[in-house]
Structures are given as structure tokens and as C-alpha cells.
Amino acid sequence: MSEPQLVGPADRVLIGQFVLVLRSDDDELLETADAAGATERRAQLDTGLSARELEVLRLVAAGDSDQQIADALFISVKTVHSHLDRIRDKTGCRRRQQLLRFAIDNGIS
């Protein structure tokens, strides 16, 4: 048996054949969101990515450069790189092609 681990919001825990996705108390419930919001929230729960990380991933999947992503989201290129680092850590995808495949496989576009 492994050592106890701390878990936090958006962490996923495998229990038998089930995946338990944790959320914080301030998360909105799916049923309170409109259809687009429910889809966005489902993507967050399924992937463990934040709403902003999903925005960045969508733009990566659309073929945008880091500068184009920064311009579209009104953030710096350095912030784009930070988001990409977190996305890579959460998904295990290291290359843009892998991120594109992850986006397609998870219906993020």
C-alpha cells in the first residue's frame, strides 16, 4: 500500500473502476450553468484543467502561436508559457501535437 497523499480541487482519484473528481466548495454545479457552461464545466471536470487553461488549449488546437494566444487573451507571452506548463503537467502532453490530440480526444475545440 502507498503512503497517504494530499488531494485538492480538480484532483482525480481512481477507486476500483471509478474515477472520483474532487471539487472545491465554491465550484458551481453543472445544473446551475447554461448548456455552454455545462459543457465547459464538464471539460474542466473531465480533464482537470481550469477554464483559462481550456481557453489556452483551444487556441493551441486552433494552431495559434504563443504570441497570438497572448494577444487574443490580453495576457503576456510569459503567462501563456505558464499556462502551457500547467497544462503539460496535468495532461502529460509535452509537444503541441500531443496537446492537439488531447484536445481532440476530449472534445476541446
Side-chain angles (χ1 to χ4, degrees):
M1 186 164 265
S2 62
E3 293 293 319
Q5 299 288 318
L6 292 176
V7 295
D11 282 348
R12 299 195 287 179
V13 180
L14 181 63
I15 302 173
Q17 64 181 353
F18 299 99
V19 176
L20 174 66
V21 180
L22 305 176
R23 64 180 188 87
S24 65
D25 291 337
D26 59 349
D27 285 346
E28 291 181 311
L29 298 175
L30 283 175
E31 53 267 20
T32 64
D34 60 8
T39 301
E40 180 75 11
R41 188 70 188 122
R42 174 59 52 205
Q44 289 177 3
L45 290 172
D46 288 347
T47 64
L49 299 176
S50 71
R52 187 57 134 187
E53 290 164 349
L54 287 171
E55 284 181 293
V56 170
L57 182 57
R58 280 190 187 93
L59 293 171
V60 167
D64 289 3
S65 69
D66 292 351
Q67 184 63 59
Q68 290 170 319
I69 295 169
D71 293 344
L73 299 178
F74 303 101
I75 59 177
S76 71
V77 173
K78 186 174 180 178
T79 303
V80 171
H81 293 163
S82 294
H83 287 305
L84 287 171
D85 287 343
R86 282 194 301 281
I87 292 167
R88 288 182 175 113
D89 287 344
K90 290 179 180 181
T91 64
C93 299
R94 295 290 158 224
R95 297 192 169 148
R96 269 180 131 77
Q97 296 152 330
Q98 293 172 315
L99 290 172
L100 173 60
R101 172 53 53 198
F102 180 87
I104 291 169
D105 290 347
N106 287 280
I108 301 166
S109 55

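Just so it is clear, the structure is predicted and the values come from calculations on it, not from any experiment. Because only heavy atoms are used, hydrogens play no part in the values below, and waters and symmetry mates are left out as well, while side chains stay in.
In this structure, CG on Leu84 lies 10.0 Å from OG1 on Thr91, to the nearest 0.5 angstrom. Note: Ile87 CD1 to Arg52 CZ = 11.0 Å, rounded to the nearest 0.5 Å. The distance from atom OG1 of Thr47 to atom CG of Asp105, rounded to the nearest 0.5 Å, is 12.5 Å. Rounding to the nearest 0.5 angstrom, the gap separating the NZ atom in Lys90 from the CG atom in Leu49 is 6.0 Å. If you take CZ on Arg88 and CZ on Arg96, they are separated by 7.0 Å, rounding to the nearest 0.5 Å. Put simply, NE2 on His81 and CD1 on Ile75 are 10.0 Å apart, with the number rounded to the nearest 0.5 Å.
Considering only residues two or more places apart in sequence or on other chains, Asp46 meets the salt bridge (charged side-chain N to carboxylate O under 4.0 Å, His left out) condition with Arg42.
Around the CZ atom of Arg95, the shell of radius 6.0 Å holds no more than 12 heavy atoms that belong to other residues, nucleotides or ligands.
Note on Leu100: it does not cluster hydrophobically with Val80, by side-chain heavy-atom contacts below 4.5 Å among ILVMFWY residues.
Nearest heavy-atom pair, Ala103 versus Ala61, reported as atom, atom and distance to 0.1 Å: CB-CB, 3.9 Å.
Under the side-chain contact (heavy atoms from CB on, under 4.5 Å) test applied with Glu55, the options Val60, Leu73, Ile69 reduce to a single match, Leu73.
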